[in-house]
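Order of the sequence lines sets the chain letters (A, B, ...), proteins ahead of strands, with each chain counted from 1.
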There are 2 protein chains.
Amino acid sequence: MKKVKVSIRDIAKECNVSVATVSRVLNNSGAVKEETRRLVQSVIERYNYRPNELARGLFTQRTKSIGVILPEITSHFFAKVFLEIEKASIEYEQTVFLCNTLSDNALQDFYTLRLSEKQVDGLLLLGGRVNETKTNVQYVKLLKDYIFPTPVVIINGKLDGYYDRCASVSSDEHEAMFQALDYLTGLGHRKIGFLGGKRGIMSTDIKLKALDEAKSSFDYEMREEWIKLSSYTYQGGVNAMNELLKEKELPTAIISINDEVAAGVINTCISKGIKVPGDFSVLGFDDSSISTITMPGITTLAHPYEELGSIAVNFLNNMINEKPLKDVTNISLKMSLVERESCAAPRRSIRSWK
Amino acid sequence: MKKVKVSIRDIAKECNVSVATVSRVLNNSGAVKEETRRLVQSVIERYNYRPNELARGLFTQRTKSIGVILPEITSHFFAKVFLEIEKASIEYEQTVFLCNTLSDNALQDFYTLRLSEKQVDGLLLLGGRVNETKTNVQYVKLLKDYIFPTPVVIINGKLDGYYDRCASVSSDEHEAMFQALDYLTGLGHRKIGFLGGKRGIMSTDIKLKALDEAKSSFDYEMREEWIKLSSYTYQGGVNAMNELLKEKELPTAIISINDEVAAGVINTCISKGIKVPGDFSVLGFDDSSISTITMPGITTLAHPYEELGSIAVNFLNNMINEKPLKDVTNISLKMSLVERESCAAPRRSIRSWK
DNA sequence: AAAACTGATGTAACGCGTTACATCTCTATT
DNA sequence: AATAGAGATGTAACGCGTTACATCAGTTTT
């Protein structure tokens, strides 16, 4: 293959020194005479020389690249986490490959293999399969077969099987539901519904479980018919709310799986003349950008985005550098309530729009 | 450096063939006896062997990696374009590095150098500096010094200087403004304002220029005091609208730099009891996800996201493979009007809220 | 003055996949 | 039977940065 860029050997020749010396200048390693260093430095600049990371990585077995696999970057939650991951990885001098699986398991496998071929130093997984109970097992096998010993960190997800070099960082959605319920019951709500999401997906299952378990801690009623699952989208919120409105008796507060669904719920109400928070209080999840756009703004539980990203990258690099993870390889971070306008005390009277 | 993964030599040894033969099986190149091929194949699978892309890239001078540099992936516009870029790059077997500059020029330079060291096959640039008139010139120098001859494609931006291996793909925002004005004047509007954005940034300058030029084609009035620049955010929309409302005489229709600004404008109106589209028609730009969330939904001009991404990747790969770009290296794509509820005919009477 | 040591620099192997070229076997042609 | 040609496979150099080890000059110690 013909070469086109200047290499370390070209620089060495031009300086009348060996490649070892140039390499030492490049890495500030070993002893180099000040005069030589300046000479080499100046030639490097004159030639706009930059070392080839491939060659470096081939020898050092470290590419300074990491891979992030997630379902869709257009989803605000993933975009925010990704941005924090990238910010955090600057410190470790890592550059990141982003792979969107579009929730397609085959594509996820494909990208996983691809990143392995690219010799990434670590893998960050969020959402998608690590969020589902199905198909997760096969994925662990893939990791074992092709990724090991490259370390993996899961963000807000889990692995159904044992992969030796794995850590995880999560938002504590279970505790967040307790916060939500505490807040809503504190406002005076006793009848609480749940809209959106899908069973078999972690963020739904956890919240549903918490909703059930919290009954012993707080005073509220929760009925099967007030739970309308659908999806994670605006339209899913619209559909779920329409379903709920068919019920004879209704809750006074609604917890939505996320802010997109909450927006659908709120807008459905408003277009029917139902007041939010007057007739219904609507609580969201995620603190996504649209929570400030709806009117009323959505009161929601925020993920600790920055920590999610920085701790994940930190964990990953500890594993990369074989630093012991001091026993904790799975960490759960508190979510925080962000109050906007979509929740208030329930009305005493019969609903005005009925 | 100790090795940990199995290499082509291990496979060759296990099969009692040469590395060349294994390589031929791997790449389906050259003649290999069917029996040998099967043997090699089976050993590859048994060992879960995957070729090392670094080594391959080092020799072939092709990494099958491309870099995307943009300001912030959390912005819906960039996320959507990015997703399309990634989809398109699958066909070319390319994986993509994503770098967020946070609109910091130093960071943009840093990432550019980094991607060059990683030997990316091509670079995709969107927004940020390629969108500003300032500092752009220095960036071209950086490209020339360190990126050349790696090809570059600019999406919705420009380079103030000549970089030999560059193409661009843009949404035709100039024509889109004519569409907007045609639509609004068709509805009966004669007084049109413009909110949001910032001078010196392409998407603002283009629209402002078109707003002025279209006066000869359509019948409308446009006054300096109806143009309130601010930023590209929701808050920027709120601020700009508040400024506009201080004017004695007001337009009946407002064009916003993008949908975020339009949302701010709409919500500002609504909270003041001003009707949209009753009292003001509000037109957005971009067709971002929030345009369906506001009430009313935002009538907006949509970017041809899919083409933007696929053509950019296509251009890039033509340059990578030295295919002539048949004269057109800069292409401009039509935007399309998406009607929702934020625009209507102007009222005849004095505004009700005054 | 010899030995020991420090600092500066060079040599060459290494990591790993690819491919030009060489070699060898076997069939087909005349 | 001799030659040409096709097919299969091996050898070794290459791309490029890194580093263990060797070498050599110059200085310090005794």
Run the side-chain hydrogen bond (donor to acceptor under 3.5 Å, both in side chains) check on B:Ser65 and B:Lys118 step by step: do they pass?
-> CA-CA 9 Å; B:Ser65 297; B:Lys118 298 219 175 264; over 6 Å; no

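Rounded to an integer number of Å, the gap from B:Ile11 CD1 to C:dC16 C1' is 13 Å. Summarising the geometry, the separation between CD on A:Glu35 and P on C:dT9 is reported as 8 Å, rounded to the nearest angstrom. What separates CG of B:Leu58 from P of D:dT18 is a distance of 12 Å, to the nearest Å. Rounded to a whole Å, the CD1 atom of A:Ile8 is 19 Å from the P atom of C:dG15. In this structure, B:Asp10 places its CG atom 13 Å from C1' of C:dG17, rounding to the nearest Å. Atom CZ in A:Arg24 sits about 15 Å away from atom P in D:dG17, given to the nearest Å. Here the P atom of nucleotide C:dT18 and the CD atom of A:Glu117 are 10 Å apart, to the nearest Å. Spacing between atom CG of A:Leu26 and atom P of D:dC16 amounts to 14 Å, rounded to whole angstrom units.
Within the 4.5 Å cutoff, the side chain of B:Leu142 has no heavy atoms near those of the B:Ile147 side chain. In this structure, B:Asp10 and B:Tyr47 have side chains that are not in contact, with every pair of non-hydrogen atoms separated by 4.5 Å or more. Residues A:Glu93 and B:Arg114 form a side-chain contact, since some pair of their non-hydrogen atoms from C-beta on lies under 4.5 Å apart.
Comparing D:dG17, D:dT9, C:dG17 against the side chain of A:Tyr49 picks out D:dG17 as the nearest. Among C:dG17, C:dG10, D:dT19, the nucleotide with an atom closest to any side-chain atom of A:Val17 is C:dG10. Of the candidates C:dG15, D:dT18, C:dT19, the closest approach to any side-chain atom of B:Phe59 belongs to C:dT19. Distances from the side chain of B:Lys33 to the nucleotides D:dT19, D:dG15, D:dA8 place D:dA8 closest. Checking C:dT11, D:dT18, C:dT18 against every side-chain atom of B:Asn27, the shortest atom distance belongs to C:dT18. Which of C:dT18, C:dT11, C:dG17 sits closest to the side chain of A:Ser18 comes down to C:dT11.
Not a single donor-acceptor contact under 3.5 angstrom links the side-chain atoms of A:Arg9 to the base of D:dG15. Within 3.5 Å, no donor on the side chain of B:Arg56 pairs with an acceptor on the base of D:dG15, nor the reverse.
Nucleic acid contact class of A:Thr21 (heavy atoms, under 4.0 Å, all strands): sugar-phosphate only. Residue A:Val32 is in sugar-phosphate contact alone, with no base atom involved, counting any heavy-atom pair closer than 4.0 Å across all strands shown.
Comparing B:Leu54 and B:Thr36 against DNA chain D, the residue whose closest nucleotide sits nearer the 5' end is B:Thr36. Mapping A:Val19 and A:Ala31 onto DNA chain C by nearest heavy atom places A:Ala31 at the nucleotide closer to the 5' end. Each of B:Glu34 and A:Asn52 was assigned the nucleotide of DNA chain D with the nearest heavy atom; the assignment lying further toward the 5' end belongs to B:Glu34.
For CD of B:Glu34, the number of neighbouring non-hydrogen atoms (other residues, nucleotides, ligands) closer than 6.0 Å is greater than 12.
If you take CD1 on B:Ile155 and CD1 on B:Ile69, they are separated by 12.0 Å, rounding to the nearest 0.5 Å.
Put simply, B:Gln61 has a side-chain N or O that comes within less than 4.0 Å of OP1 or OP2 on D:dC16.
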